[in-house]
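Remarks on the structure that follows.
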Amino acid sequence: MKGKIELTGMKFHSRIGCLDSEKELGNEMTVDFSCDYDISKAALSDALEDTLDYSDIYGIVSEQMEAECNLLENAAGRIVSAIRKAHPELEHFSVKVSKKNPPVDGQAEWSAVSLEI
């Protein structure tokens with residue numbers, strides 16, 4: 001039984017950006033994770049060890065969002081790499097990193113980068 005496991009709207013205050021003000025003050029960020037997963041065993045057993053523990057995914061994302069960097073692409077890439085290392089059984093997943101009120105010459109609520117494996 002194929003299914004999808006998602007962890008969306010993870011919120012962080014991170015120092016991701018090229019501007020000095022972004023590095024100094026930080027900004028609100030959200031991260032969304034989604035993966036295809038065979039949930040048949042967990043659907044029958046009701047046992048955490050038979051599925052992907054999304055609290056582990058949260059811990060990986062949280063650790064990566066603490067690191068200062070210039071680009072959302074870098075943050076997303078580090079998250080993907082860390083998840084792949086911790087969960088090589090995941091063949092297909094996506095990560096989206098979004099920044100609130102990006103510094104553009106106009107109005108924009110969010111900027112985002114998505115990576116899909």
Side-chain angles (χ1 to χ4, degrees):
M1 186 180 335
K2 289 242 176 179
K4 192 171 281 293
I5 295 177
E6 299 177 302
L7 191 56
T8 62
M10 294 178 269
K11 294 185 187 233
F12 304 94
H13 189 85
S14 301
R15 299 181 191 293
I16 299 173
C18 294
L19 302 178
D20 289 341
S21 60
E22 293 177 292
K23 292 192 183 305
E24 184 179 321
L25 301 173
N27 197 351
E28 181 181 335
M29 309 279 175
T30 63
V31 178
D32 300 317
F33 167 83
S34 177
C35 73
D36 294 332
Y37 204 81
D38 181 351
I39 64 167
S40 54
K41 194 171 179 182
L44 294 173
S45 72
D46 195 28
L48 181 59
E49 60 270 10
D50 291 336
T51 192
L52 177 67
D53 184 349
Y54 50 76
S55 68
D56 184 53
I57 298 297
Y58 184 89
I60 292 168
V61 171
S62 179
E63 182 179 328
Q64 295 304 317
M65 291 302 289
E66 289 178 13
E68 184 179 304
C69 63
N70 290 326
L71 302 175
L72 294 175
E73 291 87 342
N74 180 266
R78 285 186 289 101
I79 291 168
V80 164
S81 294
I83 290 173
R84 286 184 90 181
K85 183 176 180 183
H87 295 281
E89 75 278 11
L90 295 179
E91 295 178 9
H92 179 76
F93 67 92
S94 64
V95 170
K96 178 179 177 183
V97 180
S98 304
K99 178 192 302 191
K100 190 170 186 173
N101 298 318
V104 297
D105 190 21
Q107 290 186 331
E109 287 186 41
W110 295 90
S111 60
V113 169
S114 297
L115 292 179
E116 201 169 312
I117 301 297

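Numbers here simply count residues along the sequence, with the first being 1.
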Inset, instruction - Working to the nearest 0.5 Å, report the span between OG1 of T30 and CE of M10. - result: 9.0 Å
Legend entry - Rounded distance [0.5 Å steps], CD in E68 versus CD in E24: 10.5 Å
Inset, instruction - Without swapping roles, check the side chain of E63 against the backbone of G59 for a donor-acceptor pair under 3.5 Å. - result: no
Legend entry - Spacing of CG belonging to N27 relative to NE2 belonging to H13, to within rounding of 0.5 Å: 7.0 Å
Legend entry - Shortest non-hydrogen contact between K99 and P102, atoms and distance: O-CD, 3.8 Å
Legend entry - Value rounded to 0.5 Å, distance of CZ in R15 from CD in E66: 11.5 Å
Inset, instruction - Take atom NZ of K41 as the centre, draw a 6.0 Å sphere, and report whether it contains more than 12 heavy atoms from other residues, nucleotides or ligands. - result: no
Inset, instruction - Check the pair F93, E116 against side chain to side chain contact (heavy atoms under 4.5 Å, CB included), reporting the backbone distance first and the verdict last. - result: CA-CA 6 Å; F93 67 92; E116 201 169 312; over 6 Å; no
Inset, instruction - Any chance you could measure L48, atom CG, to S55, atom OG, to the nearest 0.5 Å? - result: 7.0 Å
Legend entry - Verdict with reasoning, F33 to E6, per side chain to side chain contact (heavy atoms under 4.5 Å, CB included): CA-CA 6 Å; F33 167 83; E6 299 177 302; over 6 Å; no
Inset, instruction - Starting from the C-alpha separation in whole Å, work towards a yes-or-no answer on side chain to side chain contact (heavy atoms under 4.5 Å, CB included) for M29 and K100. - result: CA-CA 6 Å; M29 309 279 175; K100 190 170 186 173; over 6 Å; no
Legend entry - D32 side-chain N/O to G9 backbone N/O, donor-acceptor pair under 3.5 Å: yes
Legend entry - salt bridge (Lys or Arg N to Asp or Glu O under 4.0 Å) between D38 and K2, intermediate numbers included: CA-CA 4 Å; D38 181 351; K2 289 242 176 179; over 6 Å; no
Legend entry - Side-chain ion pair, E28 and K11, N-O less than 4.0 Å: yes
Legend entry - Spacing of CD1 belonging to I16 relative to CG belonging to L71, to within rounding of 0.5 Å: 9.5 Å
Legend entry - Side-chain donor/acceptor of S62 to backbone N/O of Y58, under 3.5 Å: no
Legend entry - Pair C35-L52, side chain to side chain contact (heavy atoms under 4.5 Å, CB included): steps then yes or no: CA-CA 10 Å; C35 73; L52 177 67; 3.7 Å; yes
Legend entry - Aromatic centroids of Y37 and Y54 separated by under 6.0 Å: no
Legend entry - Reference residue V95; test side chain to side chain contact (heavy atoms under 4.5 Å, CB included); the match among I57, V31, V61: V31
Inset, instruction - Heavy atoms only: give me the nearest P103-L19 pair and the separation to one decimal. - result: CB-CD1, 3.6 Å
Inset, instruction - Spell out, as yes or no, whether a donor-acceptor pair under 3.5 Å connects the side chain of H92 to the backbone of I117. - result: yes
Legend entry - K23 side chain to G17 backbone, donor-acceptor under 3.5 Å: yes
Inset, instruction - Measure across A82 and I60 and return the closest heavy-atom pair with its distance rounded to 0.1 Å. - result: CB-CG2, 3.5 Å
Inset, instruction - Scan for side-chain hydrogen bond (donor to acceptor under 3.5 Å, both in side chains) pairs involving residues 71-80, sequence neighbours excluded, and state none if there are none. - result: Q64-R78, N74-R78
Inset, instruction - Determine whether more than 12 heavy atoms belonging to other residues, nucleotides or ligands lie under 6.0 Å from atom CD of E89. - result: yes
